[in-house]
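Following: one structure in structure tokens, then a few remarks.
Residues take their numbers from the sequence shown, with the count starting at 1.
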Amino acid sequence: MAHPYGRATVLAAALLALGTALTAAPAAAAGPDPARPVVTRAGLDPALVAGRGATVAFDEQEAEHARTTGTVIGPDRTPYTLPSEASGRSAVRLVPGQYVEFVLPRAANALTVRYSLPDAAGGGGITAPLDVAVDGRDRRTMTLTSQYSWLYNQYPFTDDPGADLLHPDWWLAECSCVPAATTPAPVLDKPFRPTHFYDEQRLRLGRTHRAGETVRLTVPAGSPAAWTVIDLLDTELVAPPHVERGGIDVRALGADPTGRRDAAPAIERAIALARRLDRPVYLPPGTFRVDRHIEVDDVTIVGAGNWHTVLKGRQVTLDEPAPDGSRHTGVGLYGRPAAEGGSRNVHLSGFAVEGDVRERIDTDQVNAVGGAMSDSTVHGLYLHHTKVGLWFDGPMRNVRVTDNVITDQIADGLNLHTGVTDSLVRNNFLRNTGDDGIALWSEKTADARNTVAFNTVQSPTLANGIAVYGGTDTTVTGNLVADPVREGSGLHAGARFGAEPFTGTLRFTGNTTARAGTLDLNWRIGLGALWFYALDGSIDADVRVTGDHYLDSTHNAIMLVSEYGVRDLHSVPAVHFKDIRVDGTGNSVVSARTAGSATFENVDARNVGAVGVNNCGSFHFPATGSEFSLTDLGGNDGGWLAPWLLPATLTCDDRPPVVAPPAPAPWS
């Protein structure tokens, strides 16, 4: 978007300042020995999260633990800053000529760099080189881009850093006012609310390198980027390409593996032939250009592996909006709409989908996988730069989503929407989603009997790691969620967004959150790492939370809240907590801002920053005590659930100061 030169110069200076005016220290002065590999999971010692989250093929190393001539930025959890969206809330800033160097913990032949570059002064991103050298020999240059990063302003955001408010008639936390109804109008800094800073890029190395060799990432002296922030490096040993014996090779039907010609018609011909012959479709190594949706029904599509086979598409503007409201199309594999009977027996595995989505338009169907697919599986895909990785619109049943990597989405990572039942989401890795990482949304028709198990969700820039919006008999178990940034938390149960009520059972079991419990920027109150929200109705199911660990929560470990305007209508009647560990809270273990009750058994807490229970009830403050009651079932260690708090002592501190806890440690 064009701007006068002078305005562009001012914006460029503002963006540069955002990358430099951060808490910073020389990297060599802090952390473990940078000459040794420091492998983490979600920025944590793997021992702290053993058995939780996704089992992945790569090793994660945070840049702030590596050897560098750059500068560590962070830690910082303040939204709209580069450290806040970094894994572990810290990263390394390099200027031209500087490097960060990692040590391979295991043999590897491929790597993924998570990074941030400045935006262009007028928006739209820039490109800049990054040199990669392994033990000083295997040298190549990556071309990084910020074209898929940098959003601004109010929801649903814009890529224009100079834009005026998108919704001047909305209440704004920054001025505690409605700007359009305020005289004089508030003056807001631009760019306003910058976010979605990071992207990632993958690189195959020329050969397999041994454990102990070094990977140096250097910003060349002539780089056009004023700075390059490196968040982390993932390294892995990629297996040779898979060959699907007996599969219909799409090349035989005319698909171009170089990416120069449109491969969609050839892939569709292969699908039709495979269905007639009852054989799978094979996507061999290569990059296949697909600029629209391919409909899939009763078919198996197998790639050579998501490092080898790529479906890559450009976003295409439609001549006129589609019946569903879409203004664009792009690469995607879609089941038939549920209203048309949906698809069945679809099996997708072993390839990558690289989209071209750079703005959020909620009516656009520009997801990597979509539609309705009953009795189907999605396995081993890498989904990148689409709006949502997988958005299923039911009713549909029995879909298995397993072992996928979903990163850099403009909106959700995965959403089971409207009547999705008897389904499993297991062992998926998600990072840098622009909305909920994983969501189950019972809009109009209830989802039922679904399980979300052993997934890792890192750094959602908006909303929650894993969110359940209504539905029946839902289980969320064994997951690892880290670093939600704003307007959300690690684990969430919300009676909101027009969802059908919670019924049957709701189980949170054996999950771990890290650095969750963020500050809600609209309410200006701290959330919980686990957050129950009764807005459209009560959360009146059999709710049990067992075996969860809440580590280094910015504000609270657990929050139960109803909207102030409906506090006498909706509540959280009964939640049962058992065998919970809370290691570090900036505020409380439990913050109650609703009517209802909870029981606690074997809930151990340490490093609690404020009173163990911040109990506001439903804000009527009766002389008889809070409208939210607590029951001690025994074994609650750490002194957080003191007898004087029971059953319903009012301890309401609306915005208690944050006491930053020490880093999580093994539980003795």
Side-chain angles (χ1 to χ4, degrees), residues 41-45 47-53 77 88-89 437 452 455-458 460 464-468 476-485 488-493 506-520 525-533 543-561 575-592 598-614 630 635-641 656 658-667:
R41 293 184 60 209
L44 295 167
D45 181 343
L48 297 176
V49 293
R52 302 186 178 204
R77 304 188 194 187
R89 312 295 183 134
V452 178
N455 305 281
T456 296
V457 181
Q458 288 184 240
N464 309 279
I466 300 174
V468 184
V476 178
T477 183
N479 302 282
L480 170 60
V481 180
D483 298 313
V485 176
S489 206
L491 305 169
H492 178 54
L506 175 60
R507 300 285 187 263
F508 291 95
T509 305
N511 305 286
T512 293
T513 67
R515 299 173 298 274
T518 57
L519 178 71
D520 185 278
I525 61 171
L527 301 178
L530 171 62
W531 174 29
F532 294 93
Y533 185 20
V543 184
R544 296 180 185 271
V545 182
T546 306
D548 278 7
H549 296 171
Y550 308 124
L551 309 181
D552 194 3
S553 301
T554 306
H555 286 271
N556 304 293
I558 299 161
M559 170 175 267
L560 311 98
V561 61
V575 183
H576 306 283
F577 296 91
K578 184 177 180 180
D579 301 333
I580 308 295
R581 287 181 178 175
V582 176
D583 190 354
T585 69
N587 296 149
S588 299
V589 176
V590 176
S591 179
T599 65
F600 300 91
E601 181 179 1
N602 296 329
V603 177
D604 298 346
R606 65 188 183 191
N607 302 315
V608 177
V611 64
V613 179
N614 187 16
L630 300 90
N636 300 300
D637 292 339
W640 70 273
L641 191 59
V658 171
V659 179
W667 206 277

Extract all donor-acceptor atom pairs below 3.5 Å that involve side chains of residues 660-667 and protein atoms in other chains or at least two apart in sequence.
none

How close do [X] and [Y] get, counting heavy atoms only, and between which atoms?
X      : Y      : answer
Thr512 : Val49  : CG2-CG1, 3.9 Å
His555 : Val658 : CE1-CG2, 3.3 Å
Val589 : Val582 : CG1-CG2, 4.1 Å
Asn587 : Thr585 : O-OG1, 2.9 Å
Gly490 : Ala516 : N-CB, 3.9 Å
Asn556 : Gly526 : ND2-O, 3.1 Å

Donor-acceptor contact below 3.5 Å, side chain [X] vs main chain [Y]:
X      : Y      : answer
Asn636 : Phe600 : yes
Asn511 : Gly478 : yes
Asp548 : Gly510 : yes
Thr546 : Asp579 : no

_Before you tell me yes or no, could you show the steps for Arg89 and Asp552 under salt bridge (Lys or Arg N to Asp or Glu O under 4.0 Å), namely the whole-Å CA-CA distance, both residues' side-chain angles and the distance that decides it to 0.1 Å?_
CA-CA 12 Å; Arg89 312 295 183 134; Asp552 194 3; over 6 Å; no
*Measure up the His492 and Tyr533 rings against each other and bin them: parallel (under 30°), tilted (30 to 60°), perpendicular (over 60°).*
tilted
*Name all residues meeting the side-chain hydrogen bond (donor to acceptor under 3.5 Å, both in side chains) criterion together with Arg515; count only those two or more places apart in sequence or in a different chain, and write none if there are none.*
Asp483
*Is there a side-chain contact between Ile466 and Phe508, using heavy atoms and a 4.5 Å cut-off?*
no
_Among residues at least two apart in sequence or on other chains, which ones pass side chain to side chain contact (heavy atoms under 4.5 Å, CB included) with Ala592?_
Asn615, Phe628
*Value rounded to 0.5 Å, distance of OG1 in Thr513 from CZ in Arg52*: 10.0 Å
